[in-house]
Amino acid sequence: MFRRALNCAVVPALAACAVMYGVPSAAAEEIPLAPGHRLVSHYDGAPAAAAPLPGQAPPQHPFLAPNGRSGMHSDAAGSATSPWSGPLGKNPRVTSEKIAALGGECATATFDSAGRLVTVCGTFGGFKVKLLEPRTLATLAEYQLPQRSSTVQAITSLDFSKIFKDTSGGAYFYLDDQDRAVLADSRQHILRLSHVPDPGSANGWRFQVDDDWDLTGQVPHDCVDWTNLWPSGTCDPVTSVMPDWDGRIWWVTRQGRVGTVDPKTSVIRSVRLAGEEIQNSFSVGEDGVSIVTDHALYSFRAGADGTPVAQWRQTYDRGTGTKPGSVNQGSGTTPDLFGDGYVAITDNADDRMNVLVYKRGVDVPADQRLVCKVPVFGSGASTTDNSLITWGNSIVVENNYGYENVTSLVLGKSVVGGVSRIDVRADGSGCDTVWQSAIRSPSVVPKLSTANGLLYFYEKEPNFWGIDAWYLTAVDFRTGERRWRQLTGTGPLYDNNWAPITLGPDGTAYVGVFNGIVAVRDGG
């Protein structure tokens, strides 16, 4: 059945229109397809047979939901792997939910113990924490978060790049071991939210705030809002939160603050990495907290009173500027903890970005910490602003060079693309490139199913007729071969715009897209 396309040739004008007329409450309504969906292939390739991968899963964090369910990067190590199978490409079925008139992208998706989705969706009226039914994608409950300063600035200045380069406000949240969403909102507060049955509500559920920790005593908070359009002070947004192995909640800010909250005592401690910016999330192991800034990779631990203490610091090549496809002048990756005590990031070297692997041990001499430095993708056209995938001693990296926001790829355009797999040698003496693929995955956080051996990307190829066709694409982890791809939709409303693919425990692949969320599952 043809779904009438939303005319969104001028995204800023539509954004202003959405703000003026308000954002309607969410409903189980399909995301509109843009013209041309009948003129492109809907399915290519053939179903894959599951080929489970040998190896050891990342350690289960005691204060997080089970691995694969807890956050954007799947687990505390940031592996971007799932312990269950995603779709194999057997007669795939696509469904979607439109969250708002414009925008509504659902970024991080997590799963509670019953398999319901807990996600945060961005609208021009502010982020919403949502509980979704996993099959129909219908909204069961939602909790409104305050509007981010970047949204107000974008609307008043008509510079919508401010929104697309802002990673704060709750997009990086996690689900804890008691099914509670923990996030930092745009007021510089950390919230812990539970969803509880509520027979009096329309859909039988509601969110409630269990804890609210105010960071403004240590974080500058003179931020732009509709009552404070010209602040005279400083605003430092909180980027991400994660727990350590002792249950402290760690947090980082864009302007380089690293802090902790003790949930038992509500004591807050922090330090400042002067002159450094943090725009990514971070990873947590039993041996410490790994944080990357736009200058260096750090390992932190908490002191006796909870104050963050740097165990080691490793600088990297940050290049001479911000590349198209990067949020800032620095690494675009959340650190990956993997293998026999390794941590991996990418740098921002000018000609070719490098994958960097380091030894994590606190007793490793600084000049012996680097295991390998591997250049990836083409000269003058390589960057990534997404997490790596790690499994065993293997690393998978995609190329985001050229992608800025939902306006970047309209009218049939795409990026140069590229995906590479790199393995650390068994003896730790260096790294080797195993395969390279030409897959064009503009900005998605990809995932690997260790249960079936497939990598999942969100692909867009150039189209001579100006059709913007988006595909969920499955790639063989062992060989780099594309096994199949399924059309999810056409037009900028189906652009994932930095949101991840998330594999659900029922075998569904979910993709946050500009207008909401898409689900792809095998049809039998």
Side-chain angles (χ1 to χ4, degrees), residues 1-5 27-34 36-53 68-69 81-99 106 109-111 114-117 119 132-140 439 441 444 446-461 467-477 481-491 493-496 499-513 515-524:
M1 178 178 176
F2 180 78
R3 290 171 286 179
R4 186 175 180 181
E29 178 185 352
E30 292 281 307
I31 298 170
L33 293 168
H37 64 280
R38 300 184 185 278
L39 304 177
V40 295
S41 172
H42 282 222
Y43 182 83
D44 298 306
L53 298 174
R69 294 177 180 256
T81 65
S82 172
W84 43 72
S85 179
L88 293 171
K90 299 176 180 178
N91 193 24
R93 295 289 184 262
V94 180
T95 57
S96 66
E97 182 175 8
K98 175 182 174 180
I99 297 295
C106 301
T110 64
F111 303 91
R116 290 176 289 260
L117 274 83
T119 183
L132 302 180
E133 203 285 321
R135 303 296 292 187
T136 66
L137 300 178
T139 297
L140 303 177
I439 292 288
S441 184
V444 85
K447 291 296 193 300
L448 166 66
S449 167
T450 60
N452 66 21
L454 295 177
L455 294 155
Y456 293 89
F457 296 93
Y458 200 53
E459 186 181 10
K460 184 179 190 289
E461 291 190 332
I467 301 169
D468 298 316
W470 293 90
Y471 293 85
L472 179 72
T473 296
V475 171
D476 190 312
F477 172 79
E481 174 193 4
R482 181 205 284 146
R483 302 300 299 277
W484 57 267
R485 65 178 182 179
Q486 170 64 45
L487 180 73
T488 59
T490 50
L493 298 185
Y494 282 89
D495 185 333
N496 74 287
I501 294 168
T502 306
L503 303 180
D506 67 349
T508 302
Y510 299 90
V511 188
V513 297
N515 202 206
I517 189 168
V518 170
V520 181
R521 55 179 59 92
D522 285 335

Notebook entry, point to check: Donor-acceptor pair, His37 side chain versus His42 backbone, under 3.5 Å?
Noted result: no
Next item on the list: Would you give the length of the straight line joining atom CG of Asp476 to atom CH2 of Trp484, rounded to the nearest 0.5 angstrom?
Entry: 13.0 Å
Margin query: Could you work out, with ring-ring contact (aromatic ring centres under 6.0 Å, His included) as the rule, every residue matching Tyr510, not counting sequence neighbours?
Written below: Phe111
Item checked: Atom pair CD/CG of Gln486 and Asn91 - distance to nearest 0.5 Å -> 8.5 Å
Item checked: Positive for side-chain contact (heavy atoms from CB on, under 4.5 Å) with Trp470, one of Asp495, Val40, Val513 -> Asp495
Note to self: Please check: side-chain N/O of Tyr471 versus main-chain N/O of Ser41, any donor-acceptor pairing under 3.5 Å?
What the structure shows: yes
Notebook entry, point to check: Can you tell me if Tyr43 uses its side chain to pair, donor with acceptor, with the backbone of Gly89 under 3.5 Å?
Noted result: yes
Next item on the list: State, yes or no, whether a side-chain contact exists between Leu472 and Pro92 at a heavy-atom distance under 4.5 Å.
Entry: no
Note to self: Rounded to the nearest 0.5 Å, what separates atom OG in Ser441 from atom CG in Asn496?
What the structure shows: 7.0 Å
Notebook entry, point to check: Which atom pair, heavy atoms only, marks the closest approach of Val444 to Pro500?
Noted result: CG2-C, 4.0 Å
Check: What residues form a ring-ring contact (aromatic ring centres under 6.0 Å, His included) with Tyr456, not counting sequence neighbours?
Finding: none
Next item on the list: Check the pair Leu53, Thr81 against side chain to side chain contact (heavy atoms under 4.5 Å, CB included), reporting the backbone distance first and the verdict last.
Entry: CA-CA 11 Å; Leu53 298 174; Thr81 65; over 6 Å; no
Note to self: Closer than 3.5 angstrom, by distance alone: can the side chain of Asn452 be matched with the main-chain N or O of Ala51 as a donor-acceptor pair?
What the structure shows: no
Notebook entry, point to check: Between Tyr458 (side chain) and Ala499 (backbone), is there a donor-acceptor pair under 3.5 Å?
Noted result: no
Item checked: Residues which pass side-chain hydrogen bond (donor to acceptor under 3.5 Å, both in side chains) with Glu133, listed by chain and number, not counting sequence neighbours -> Thr136
Notebook entry, point to check: When you look at Arg521 and Thr95, which way does the side chain to side chain contact (heavy atoms under 4.5 Å, CB included) test go after all the steps?
Noted result: CA-CA 9 Å; Arg521 55 179 59 92; Thr95 57; 3.8 Å; yes
Next item on the list: Would you mind checking if Arg135 and Asp506 are paired as a salt bridge, meaning a charged N to carboxylate O distance below 4.0 Å?
Entry: yes
Notebook entry, point to check: Do the side chain of Thr490 and the main chain of Ala34 share a donor and acceptor less than 3.5 angstrom apart?
Noted result: yes
Next item on the list: Given side chain to side chain contact (heavy atoms under 4.5 Å, CB included), test Thr450 with Phe477 step by step and report yes or no.
Entry: CA-CA 9 Å; Thr450 60; Phe477 172 79; over 6 Å; no
Item checked: Flag for Arg485-Thr473: side-chain donor and acceptor within less than 3.5 Å -> no
Next item on the list: With rounding to the nearest 0.5 Å, note down the distance linking CD1 in Ile99 to CG in Asn515.
Entry: 8.5 Å
Checklist line | Minimum-distance pair of heavy atoms, taken over all atoms of Ala509 and Leu503 | finding: CB-CD2, 3.8 Å
Notebook entry, point to check: Would you find a donor on one side and an acceptor on the other, under 3.5 Å apart, between the side chain of Lys90 and the backbone of Asp522?
Noted result: no
Check: Nearest heavy-atom pair of Leu448 and Gly453: which atoms, and what distance?
Finding: CD1-C, 4.3 Å
Next item on the list: Might you work through the side chain to side chain contact (heavy atoms under 4.5 Å, CB included) test for Leu132 and Thr139, ending with a clear yes or no?
Entry: CA-CA 5 Å; Leu132 302 180; Thr139 297; 3.6 Å; yes
Notebook entry, point to check: When rounded to the nearest 0.5 angstrom, what is the spacing between CD in Glu461 and CD1 in Ile439?
Noted result: 7.5 Å
Checklist line | Residue pair Ala49 / Leu88: nearest heavy atoms and the distance that separates them | finding: C-CD2, 4.5 Å
Next item on the list: Look at the side chain of Ser449 and the backbone N and O of Trp84, then say whether any donor-acceptor pair between them is shorter than 3.5 Å.
Entry: yes
Checklist line | Value rounded to 0.5 Å, distance of CD1 in Ile517 from OG1 in Thr502 | finding: 7.0 Å
Next item on the list: Could you tell me which non-hydrogen atom of Leu493 sits nearest to which non-hydrogen atom of Pro32, and how far apart they are?
Entry: CD1-CD, 4.0 Å
Check: Between Ala48 and Leu454, what is the shortest heavy-atom contact and its length?
Finding: CB-CD1, 4.1 Å
